[in-house]
Protein chains: 2
Amino acid sequence: MSTTPKKLKIASWNINSVRFRLELVERFLREEQPDVLCLQETKVINNDFPAGLFRQLGYNFHVIHGQPMHHGVAILSKVPIREDHAHDWQDNGEARHVGALLDCGIRIENVYIPAGGETPDLEANPKFRQKLAFLERMTRWSEKLRQPTVLLGDFNIAPLECDVWNHKALLDVVSHTPVEVDLLTALRQSHDWIDLGRQFVPAPEKLFTWWSYRARDWQASDRGRRLDHVWASPQIASAAKSHRVHRASRSWQKPSDHIPLITEFAF
Amino acid sequence: MSTTPKKLKIASWNINSVRFRLELVERFLREEQPDVLCLQETKVINNDFPAGLFRQLGYNFHVIHGQPMHHGVAILSKVPIREDHAHDWQDNGEARHVGALLDCGIRIENVYIPAGGETPDLEANPKFRQKLAFLERMTRWSEKLRQPTVLLGDFNIAPLECDVWNHKALLDVVSHTPVEVDLLTALRQSHDWIDLGRQFVPAPEKLFTWWSYRARDWQASDRGRRLDHVWASPQIASAAKSHRVHRASRSWQKPSDHIPLITEFAF
DNA sequence: GGCCGATCCG
DNA sequence: CGGATCGGCC
């Protein structure tokens, strides 16, 4: 006896202020209609989160986790959420990670890993130390995980050579240094996570999810990085039927510097 | 022998940041096509003044007088300007007054009189003292003026009862206090200036040029004040053929809290 | 209520 | 480059 497979379309997007980008996010949701949208860098306290827009668009289940000024993550879902939880890997109150258990049994973990500051110097740059510590604590959590989970978000690390526009030029640039890549690899191996980006767009093809605002013409120079990721537990990796990045949105009015990632599952 | 009268259409507008209101000012100029536009509160240093927009619209003669952050006045003209000059009535570097002598022989003096702070208290409020001193120094200048002149701008004083939405309620509010009104009257009498606003819209009809941003519905409550004025030297007052205030612009997108004044002369 | 500049951050 | 916040000003 077989049942119709349940489909689930999940999007992840570092939105760089959800209030400033209401029209952008509305256009994306109308065009792509994901079942679940995971946002990073919402930059808004919970009270000011524009929940109404998402309700209007059919996203009635919200997990909102913000703080004043910086960071902030949220999960907006058309499908019911059974439970949710926030993690604070640094015990410093920063709003960087929320999880939700969907009624269909799938767990989604939405994380915004610290950027890590200007220079990859453990002595001089406390933010870089903080980033590495964050990864290590996530790894301790990840290795104990048993449920089928999608771990996604802005990881602020581009692990592969083909995840950046110029590997050699970026070896000493925070987001692509060997120490960060090693810790991200350890995190991935701690649960045997499947990197769906690279499952669907295998190396050595270049794949980026972020382009700096500072470029005069982001498309012409194409100096991007793959900082955003969707990872799946081994038990559900084969349920992933497609994975795309939404480059077009980088050219919309008032864009985020990150683009959305869209993954479709059929369970 | 008679010659065709020369027509001159002059507009004055406190624009509250010319850069932030490029579309507003463009729409106004396309619709009204004044020969001369006098702006107050441009809030831009001369280097950053959007001169290109005005040139595109046919305003090729510019007198620009700005400072960082605050104040700033400018005259943009389709007709040639023979000479220009800035006044600093306070000797404090504030950009509040520029004049231009048009080729046709008419002098335009464009002034942004200080707002005067919160409370009309000479002891506690140095800005109120500064406003009164500014008026006195202008009066010393005005009484020596001999050329036919149009003196206009944001005077930040509503002199008549019918220049405010509620005379009694505003008697102790800066912009309508007796001491300010007396000094503005002295300034007017020092050159026998003709108040063209009240020549064309005589008291006791209400006439306003400013509505606070804070009103929920500026039109419904209509708590306005006539803070902006166009005055003419006695020799040329009869050349003024019409005078209007442009209320519609207060409802345009991203409006200034002031509206433009439009005066047509025929010499 | 809304603009400006300064400062912090990515 | 372009968000957010804050204090000054109107």
Side-chain angles (χ1 to χ4, degrees), chain A residues 14-22 24 39-45 48 66-72 94-96 112-119 125-128 130-131 154-157 173-175 210-218 221 223 225 227-228 250 253-258, chain B residues 14-22 24 40-45 48 66-72 94-96 112-119 125-128 130-131 154-157 173-175 209-218 221 223 225 227-228 250 253-258:
Chain A
N14 178 318
I15 195 64
N16 188 13
S17 174
V18 67
R19 283 177 297 176
F20 204 77
R21 271 176 248 292
L22 288 181
L24 196 77
L39 295 176
Q40 304 89 38
E41 281 210 83
T42 54
K43 288 188 174 177
V44 64
I45 58 175
D48 294 343
Q67 66 173 85
M69 197 99 125
H70 293 303
H71 323 313
E94 291 188 358
R96 294 184 174 276
Y112 173 50
I113 293 178
E118 287 291 297
T119 120
N125 181 1
K127 288 181 186 158
F128 193 64
Q130 181 213 24
K131 181 178 193 172
D154 177 2
F155 294 3
N156 267 315
I157 299 174
V173 171
V174 175
S175 73
W210 173 90
W211 292 261
S212 168
Y213 282 123
R214 303 182 198 191
R216 193 177 40 79
D217 182 339
W218 73 275
S221 54
R223 299 190 171 186
R225 306 180 202 170
L227 302 179
D228 303 272
R250 186 64 176 75
Q253 286 295 103
K254 293 205 299 177
S256 170
D257 45 353
H258 294 253
Chain B
N14 178 318
I15 195 63
N16 188 12
S17 173
V18 67
R19 283 176 298 176
F20 205 77
R21 271 176 246 293
L22 289 181
L24 196 78
Q40 304 90 37
E41 281 210 83
T42 53
K43 289 188 174 178
V44 63
I45 58 175
D48 294 343
Q67 65 174 84
M69 198 99 126
H70 293 304
H71 323 313
E94 291 188 358
R96 294 184 173 276
Y112 173 50
I113 293 178
E118 289 291 296
T119 121
N125 181 1
K127 288 181 187 157
F128 193 64
Q130 180 213 25
K131 181 178 193 173
D154 177 2
F155 294 4
N156 267 314
I157 298 173
V173 171
V174 175
S175 74
T209 65
W210 173 90
W211 293 262
S212 169
Y213 282 123
R214 303 182 199 190
R216 195 177 40 79
D217 182 338
W218 73 274
S221 53
R223 299 191 170 185
R225 305 181 202 170
L227 302 179
D228 304 272
R250 187 62 177 76
Q253 286 295 103
K254 294 205 299 175
S256 170
D257 44 353
H258 294 253

Nearest-Å distance, [atom1] ([X]) to [atom2] ([N])?
| X | N | atom1 | atom2 | value |
| --- | --- | --- | --- | --- |
| A:Y213 | C:dC9 | OH | C1' | 13 Å |
| B:E118 | D:dG8 | CD | C1' | 11 Å |
| B:Y112 | D:dC10 | OH | C1' | 6 Å |
| B:M69 | D:dG8 | CE | C1' | 6 Å |
| A:D154 | C:dG10 | CG | P | 11 Å |
| B:R250 | C:dG2 | CZ | C1' | 11 Å |
| B:L22 | C:dC3 | CG | P | 13 Å |
| A:Q67 | C:dC8 | CD | C1' | 14 Å |

[X] versus [Y], closest heavy-atom pair with distance:
| X | Y | value |
| --- | --- | --- |
| A:H71 | A:R96 | CE1-NH2, 2.9 Å |
| B:S175 | B:L227 | CB-CD2, 3.9 Å |
| B:H258 | B:D228 | ND1-OD2, 2.8 Å |

Which nucleotide sits closest to the side chain of [X]: [options]?
| X | options | value |
| --- | --- | --- |
| B:R19 | C:dG10, C:dG5, D:dG3 | C:dG5 |
| A:N16 | C:dC3, D:dG3, D:dT5 | D:dG3 |
| A:R214 | C:dC9, D:dC10, C:dG10 | C:dG10 |

* Let me know, please, whether B:D257 or A:F20 comes out on the 5' side of the other along DNA chain D by nearest nucleotide. =>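 Its nearest nucleotide being more 5', the pick is A:F20.
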Just to confirm, is there a sub-4.0 Å distance from OP1 or OP2 of [N] to any side-chain nitrogen or oxygen of [X]?
| X | N | result |
| --- | --- | --- |
| B:K127 | D:dC9 | yes |
| A:S17 | D:dA4 | yes |
| A:K43 | D:dT5 | no |

* Asked: With a 4.0 Å cut-off on heavy atoms, is B:H71 in touch with a base, just the backbone sugar-phosphate, or nothing at all?
  ->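 B:H71: backbone/sugar contact only, no base atoms under 4.0 Å.
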* Have a look at A:L39 and tell me which of A:D154, A:N16, A:V18 forms a side chain to side chain contact (heavy atoms under 4.5 Å, CB included) with it. =>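 Of the listed options, the one satisfying the test is A:V18.
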* What do the steps show when you test A:D257 against A:W211 for side chain to side chain contact (heavy atoms under 4.5 Å, CB included), and what is the final call? -> CA-CA 6 Å; A:D257 45 353; A:W211 292 261; over 6 Å; no
